[in-house]
Number of protein chains: 2
Amino acid sequence: MDKPGPGARVRLQQAAVELFRERGYDGTTAAEIAARAGVTERTFFRHFPDKREVLFDGQAVLVDALTASIVDAPAELGPLDTLFRAFRSVTTLLEDNRPFSKPRQEVISATPALHERELSKLEALSEALALALQGRGVPALPAALAARTGMASFAHATLAWLEDGEPGLSHHLELAERTLRSMFRGRPSPVPTLDVVVGTTEFPSGGQE
Amino acid sequence: MDKPGPGARVRLQQAAVELFRERGYDGTTAAEIAARAGVTERTFFRHFPDKREVLFDGQAVLVDALTASIVDAPAELGPLDTLFRAFRSVTTLLEDNRPFSKPRQEVISATPALHERELSKLEALSEALALALQGRGVPALPAALAARTGMASFAHATLAWLEDGEPGLSHHLELAERTLRSMFRGRPSPVPTLDVVVGTTEFPSGGQE
DNA sequence: AGGCCGATGTCAGTCACTGACAAGGAGAGG
DNA sequence: CCTCTCCTTGTCAGTGACTGACATCGGCCT
């Protein structure tokens with residue numbers, strides 16, 4: 001009904017954000033998004049594996065930029081320093097995209113299903129970072145922990161920046177980094193030799209991670 | 001077809017794990033789970049808001065135990081010490097539940113949709129911990145970062161323990177804690193005064209958080 | 001022209017999930 | 001013992017996400 005190939009995907013993404021903002025995620029059907037983009041529902045699902053995914057696409061660019069920065073970081077930097085250096089290296093990239101990210105994030109934050117998907121993406125990002133760190137010789141465990149810890153700061157900073165707006169991403173990021181590091185400066189607490197404390201009731205279907 | 005009230009929920013959970021292990025999550029319909037539990041599909045959805053949720057139920061117990069431990073932790077403990085003390089306090093609880101948790105985790109790990117839901121639960125747990133820390137006077141930002149960081153260690157330890165089996169959860173947890181703390185003992189790296197590094201291409205639909 | 005290919009439309013079908021309404025059983029009160 | 005009520009479940013009909021199979025159309029290569 002409209003243009004040909006490459007345009008459809010982008011039109012679908014735009015239409016999706018618009019509609020989600022107008023009627024909410026649940027109040028919007030995939031068919032409606034497709035219609036506004038000038039294609040059929042089937043075409044929607046050819047471009048995106050599911051309705052949520054239409055909002056998550058730029059991730060690849062971020063991953064590439066971050067891993068690139070990690071790869072060519074000075075060899076003497078520790079994992080955390082490497083990570084935060086990488087985060088700093090993408091602040092301008094993210095700041096340029098604020099016009100797109102802001103409305104998108106509003107929709108995501110307002111929709112549990114989308115928030116869930118976002119967590120998935122963040123975890124994937126964490127794993128990619130952990131992999132990149134391992135490429136620098138960092139053992140698996142510290143790499144994984146550093147990646148998650150770093151991502152927590154980065155994600156928190158980005159979130160805060162998208163809401164507050166002004167202080168700038170770099171500022172929020174720096175704040176998060178300082179806060180994180182200061183948390184580990186307390187009494188190292190000799191890790192008391194395992195004193196079990198609880199020993200409670202049963203619990204049915206299990207529940208942990 | 002079967003028993004009355006309280007039993008149905010549990011039967012549904014058991015039937016779900018069994019079937020997921022036999023035919024996989026995607027190869028199992030909600031109706032089939034219900035049938036094996038001796039109820040109708042509608043009843044399934046009366047007990048669980050969606051098909052995934054049937055595997056996530058014990059979380060509440062964990063949250064309660066952890067927050068309880070945080071609440072009555074010695075006032076002089078810092079956020080991280082408080083958290084790891086809490087984690088240690090629930091190890092026996094988790095270890096007792098291994099017979100249930102193990103198969104459940106296998107299913108979850110094998111199913112993207114379930115893994116996604118699990119991340120959601122873990123985030124909820126993180127937020128609960130952050131809240132509990134704030135109750136101790138810890139400011140919001142450090143509370144949030146500590147909670148995420150701690151959860152990363154806890155989750156990682158639990159995962160490793162469920163796979164390896166033997167070393168014991170406490171052991172894995174202690175290892176994670178040591179690793180985490182040692183990561184922050186490197187050169188504090190004076191946080192170089194913001195040197196932007198990249199400034200790359202555009203990117204369409206945004207992608208951050 | 002002939003033929004290949006990628007993007008799209010069409011159709012039919014499965015399954016997750018929901019609202020509305022009726023039925024059955026257990027306990028409280030008469 | 002009867003009845004009213006509450007709680008749990010069954011039944012039915014419907015929406016919407018997602019999929020597989022097949023036909024079509026517009027380039028592009030030869």
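No experiment lies behind these values; they were computed from the predicted model shown.
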Salt bridge or not between [X] and [Y]? Use side-chain N to carboxylate O under 4.0 Å.
X	Y	result
B:Glu32	B:Arg36	no
B:Lys121	B:Glu53	yes
A:Arg181	A:Glu177	yes

From [atom1] of [X] over to [atom2] of [N], roughly how many Å is that when rounded to an integer?
X	N	atom1	atom2	answer
B:Arg9	D:dT8	CZ	P	11 Å
A:Tyr25	C:dC17	OH	P	12 Å
A:Phe45	C:dT10	CZ	P	16 Å
B:Arg52	C:dA16	CZ	C1'	11 Å
A:Phe44	C:dA7	CZ	P	17 Å
A:Leu12	C:dT8	CG	P	9 Å
A:Arg23	D:dG16	CZ	P	11 Å
A:Asp26	C:dG19	CG	P	12 Å

DNA chain D: A:Thr28 or B:Arg42, which has the more 5' nearest nucleotide?
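Whichever sits nearer the 5' end wins; that is B:Arg42.
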
Could you pick out which residue, A:Arg46 or A:Ala30, lies toward the 5' side of DNA chain D when each is mapped onto its nearest nucleotide?
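First, find each residue's nearest nucleotide; the 5'-ward one identifies A:Ala30.
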
Nearest to the side chain of B:Thr43, which nucleotide is it out of D:dT9, C:dC17, C:dT8?
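Nearest to the side-chain atoms of B:Thr43, counting from C-beta on, is D:dT9.
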
Return the nearest nucleotide to the side chain of B:Lys51; candidates are D:dA17, D:dG10, C:dC17.
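The closest nucleotide is C:dC17.
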
Mind checking the OG1-CG spacing from B:Thr92 to B:Asn97? Nearest 0.5 Å is all I need.
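Going from the OG1 atom of B:Thr92 to the CG atom of B:Asn97 covers 10.0 Å.
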
Short side-chain N/O contact from A:His47 to OP1 or OP2 of C:dA7, under 4.0 Å:
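No, no such contact exists.
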
